[in-house]
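Here is the structure we will look at, set down as structure tokens.
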Amino acid sequence: MPGMTQQTAPSDLPPLPDARAALFLDFDGTLIDIAARPDAVVVPPDLPVLLGRLSVALGGAVAIVTGRGLEVARALTGAPEPCPWSFAAEHGTVLAATAGIPPLPEPEGPPPAWREAAAAFAASRPGLLLEEKKYGFVLHFRAVPERAEETTAFLRAMAEGSAFQVIPAHAAAELRPKGSDKGSAVAWMMRYAPFAGRVPVFIGDDVTDEDGMRVARAQGGQGYRVPERFPAGPADVRAWLARLAAQLEAAGPAANSGTTIAAGAA
């Protein structure tokens with residue numbers, strides 16, 4: 001149909017892992033397409049079912065590792081209660097994992113005065129959007145790209161000499177605590193069941209995902225970047241995950257005792 005994304009041939013996508021894999025999946029730009037506003041994204045209706053299938057087939061070793069706030073991520077993924085997959089939200093700062101994985105040390109949030117200043121900054125510049133999070137906040141300038149430099153400089157001046165850092169994102173700049181990133185969240189979860197002893201596979205599309213990819217590779221797994229390894233973007237990722245779910249389901253529960261996937265550079 002006209003306007004539909006042309007998916008990449010399966011043979012041109014990364015090889016499917018086996019049942020010893022642990023999946024760590026970014027959300028925006030990886031599982032779903034990025035929208036003009038973070039509240040305007042469209043989530044494919046079959047995505048929650050796909051995540052559930054993968055979680056069952058991999059014994060719960062599936063995690064959404066996202067910059068979104070935890071409750072927003074839960075709502076967007078249609079997470080049931082209890083949820084069979086884990087979350088590392090706010091770029092790994094907030095962990096909501098399956099039973100047996102202890103929470104990460106809780107950082108301090110930014111001072112209320114910083115939040116007020118950011119709100120005033122955005123309100124005085126039409127087109128800027130402030131996204132609040134538990135331990136930080138984001139200023140989105142997708143609608144006004146000419147504000148990128150000014151906005152990033154504003155946050156960097158605010159964070160200078162503090163326990164916070166400013167991270168670039170898709171048409172946005174985010175202020176969040178130092179010491180928390182997607183890589184540290186992956187390393188933490190890989191210490192505990194159901195992730196321990198598995199081979200991590202991290203898929204993401206942004207600079208904030210590179211920490212997760214680095215840790216996955218260091219632990220003998222893979223880090224795949226969208227669109228380099230998934231040229232059609234999230235549509236390719238979802239199709240690849242659907243093929244993986246079907247392969248694991250066809251192999252049956254006994255496949256969990258199989259061999260691990262081969263390590264190598266993405």
Side-chain angles (χ1 to χ4, degrees), residues 24-44 47-48 51 62-98 101-119 121-123 128-143 151 155 158-159 163-186 188-189 202-209 211-212 234:
F24 297 93
L25 307 170
D26 174 46
F27 192 64
D28 294 87
T30 298
L31 291 178
I32 65 168
D33 292 309
I34 292 173
R37 294 171 53 97
D39 57 357
V41 294
V42 176
V43 179
L47 181 59
L51 293 174
V62 176
I64 303 298
V65 188
T66 176
R68 297 272 192 170
L70 177 58
E71 294 311 314
V72 174
R74 279 176 166 155
L76 287 173
T77 58
E81 287 292 344
C83 186
W85 59 86
S86 297
F87 291 93
E90 297 194 28
H91 300 289
T93 305
V94 181
L95 190 65
T98 53
I101 300 181
L104 290 163
E106 187 170 353
E108 293 288 334
W114 288 15
R115 296 186 184 274
E116 294 169 6
F121 183 87
L128 278 186
L129 175 66
L130 173 65
E131 179 188 1
E132 293 275 12
K133 297 184 180 181
K134 185 176 181 180
Y135 298 109
F137 48 82
V138 188
L139 286 169
H140 296 267
F141 43 77
R142 184 175 300 277
T151 301
L155 291 179
M158 180 181 287
F164 291 81
Q165 59 186 330
V166 177
I167 302 297
H170 286 296
E174 177 166 356
L175 183 140
R176 61 183 172 91
K178 294 177 180 177
S180 298
D181 58 48
K182 294 187 177 185
S184 61
V186 170
W188 183 264
M189 285 187 280
F202 192 107
I203 307 176
D205 74 307
D206 199 0
V207 63
T208 60
D209 297 309
D211 293 315

(message) Whether the side chain of W188 engages the backbone of P102 through a donor-acceptor N/O pair (distance < 3.5 Å, no angle test) should be reported.
(response) yes

(request) For T93 and E90, indicate whether the former's side chain and the latter's backbone hold a donor-acceptor pair under 3.5 Å. (result) yes

(message) Between H170 and D205, do the side chains contain a donor N or O and an acceptor N or O under 3.5 Å apart?
(response) yes

(message) Using side-chain heavy atoms (C-beta onward) and a distance below 4.5 Å, is P168 in contact with V207?
(response) yes

(request) Mark yes or no for whether T77, through its side chain, and A73, through its backbone, hold a donor-acceptor pair below 3.5 Å. (result) yes

(message) With heavy-atom distances below 4.5 Å as the criterion, would you say the side chains of L51 and L25 are in contact?
(response) yes

(message) Considering only residues two or more places apart or on different chains, which pairs with a residue in residues 164-180 satisfy salt bridge (charged side-chain N to carboxylate O under 4.0 Å, His left out)?
(response) K133-E174

(message) Between D181 and S184 (side chain of the first, backbone of the second, donor and acceptor by atom type, cut-off under 3.5 Å), is there such a pair?
(response) yes

(request) State, yes or no, whether a side-chain contact exists between L129 and L139 at a heavy-atom distance under 4.5 Å. (result) no

(request) For the residue pair L155 and F121, establish whether any side-chain heavy-atom pair is separated by less than 4.5 Å. (result) no

(message) Going by the rule ring-ring contact (aromatic ring centres under 6.0 Å, His included), which residues pair with F141 if we only count those two or more places apart in sequence or in a different chain?
(response) none

(request) Report yes if some heavy atom in the side chain of S86 is under 4.5 Å from a heavy atom in the side chain of M189; otherwise report no. (result) yes

(request) With sequence neighbours left out, write down each residue that passes salt bridge (charged side-chain N to carboxylate O under 4.0 Å, His left out) with R142, or none if nothing qualifies. (result) none

(request) Provide the closest heavy-atom pair for R68 versus A89 in the form atom of the first, atom of the second, distance. (result) O-CB, 3.2 Å

(request) Could you tell me which non-hydrogen atom of I32 sits nearest to which non-hydrogen atom of P234, and how far apart they are? (result) O-CG, 3.4 Å

(message) Could you check whether any side-chain heavy atom of H140 comes within less than 4.5 Å of a side-chain heavy atom of E131, counting everything from C-beta outward?
(response) yes

(request) Spell out, as yes or no, whether a donor-acceptor pair under 3.5 Å connects the side chain of R115 to the backbone of G136. (result) yes

(request) Look at E106 together with K134 and state whether they make a salt bridge at an N to O cut-off of under 4.0 Å. (result) yes

(request) Using the six-membered ring wherever Trp is involved, compare the ring planes of F202 and F24 and label them parallel, tilted or perpendicular (cut-offs 30° and 60°). (result) parallel

(request) Taking all heavy atoms of G212 and all of V186, pick out the closest pair and write down the distance. (result) CA-CG2, 4.3 Å

(message) If I compare all heavy atoms of V138 with all of A172, which pair ends up nearest, and what's the gap?
(response) CG1-CB, 3.7 Å

